[in-house]
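To start, the structure itself, in structure tokens.
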Amino acid sequence: MSEQAAVKTVTVKELTKKILNHEEVFILDARNTDDFDDWKIEGKNVHIINAPYFDLLEGVDSIVDKLHKNTAIYVVCAKGGSSEFVAEQIAEAGFTNVYSVEGGMKAYSEHLEPIKIGDLKNGGAIYQFVRIGKGCLSYLVESQGTGAMIDTNRMLEPYEEHINEHNIKLTHVLDTHLHADHISGGRRLAENHGATYFLPPKDAEEVIFDFTPINDGDEYNVGETTIKAIYSPGHTIGSTSFLVDDQYLLTGDILFIDSIGRPDLAGKAEDWVGDLRKTLYHRYKDLPDEQLVLPAHYMGINEMNDDGSISEKLGTLYKENHGLNIGDEADFRKTVTENLPPQPNSYQEIRETNMGKIAPDEEKQREMEIGPNRCAVR
Ligand SMILES: [Fe+2]
């Protein structure tokens, strides 16, 4: 019997770095085709093929002509088990540069990469945490050693690491709305740091824990920085945006780079589409064009800047984002209510978890979040 060929592994952090640096990355995804079609690794220079594990049990002859001897091959599966097997098969077929992605798509879905967006005018900076496997974006505003976190994801380690490294005293944890596509880690993060957890009250009617309500016009002082709340309903009835020092506009799931928020995830599309219209065509319109829009999600790599961050000037979006350029209100209503993508996986359970009504264990929470985010309508 031949000895098992040596297979190297790569962490999702290392893989993410390569993708964000726009390196050429060749991926073999060994999940079944339905899962692959639903959601997969993307990047500017990512080349990906799907070859389900089940088709490779007898060997990899059927795919060798798609592989290149000199290019690194990254094999990914759901959890990192079958990818190891497939990578071994490929190595046995004579390929030397083969890696199995540790933890698979599950780990990829949970990875967060912090990227500095820019400085604040009175000192300090704003960071965007890119959840590359799911398209979720969260933000840390830091000034004079004090910090505010916005739209915290479930995995707290990457934030904790950053907060420790930068010696930040976290005072405010804010959610722009009650999320339906990912589980908020906001309340836990606030508890860990003795910070105050804020939620828009109109999204929180069924929330069963204590929180501090966010009202239109409220201002939060974080070091020398001011974060101002702007009520901006439409994706949810409570959706609130945050203006950081009149420089950055955190839009939550109301306005994205290449799309706008969907109004239907609480079953009220017809009611909320009018609010969405008002927010996008009136409320935001009054803000200066120079604001840098920082959304809570992105949908595709076409929205990504060269450094891997996601942002665009408000004025540019008013020129280029189709959702901001539908002159006729009836057309807008039609576009928004008739082009809705499928709803996010487990979105009802995720909403209930974010309300504190149910408390699934960690494994279940992971499963609930698997898949792409679907907060937008184009
Ligand atoms: Fe959302």
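Both counts, for ligands and for their atoms, begin at 1 and track the order of listing. The structure displayed is predicted, hence computed values, not measured ones.
The number of heavy-atom neighbours closer than 6.0 Å to CD of E219, taken from other residues, nucleotides and ligands shown, is above 12. Heavy atoms from other residues, nucleotides or ligands lying under 6.0 Å from CG of N302 number more than 12.
Around the Fe ion (ligand 1), the protein N, O or S atoms closer than 2.8 Å are H177 NE2, H235 NE2, D253 OD2, listed by chain and residue number.
In the model, D181 has a side-chain atom that pairs as donor or acceptor with a side-chain atom of H297 under 3.5 Å.
Looking only at distances, a side-chain donor or acceptor of Q128 sits under 3.5 Å from a matching main-chain atom of I310.
With ring centers used as reference points, H162 lies under 6.0 Å from F129.
Not a single side chain to side chain donor-acceptor pair (under 3.5 Å) links T251 to another residue, sequence neighbours left out.
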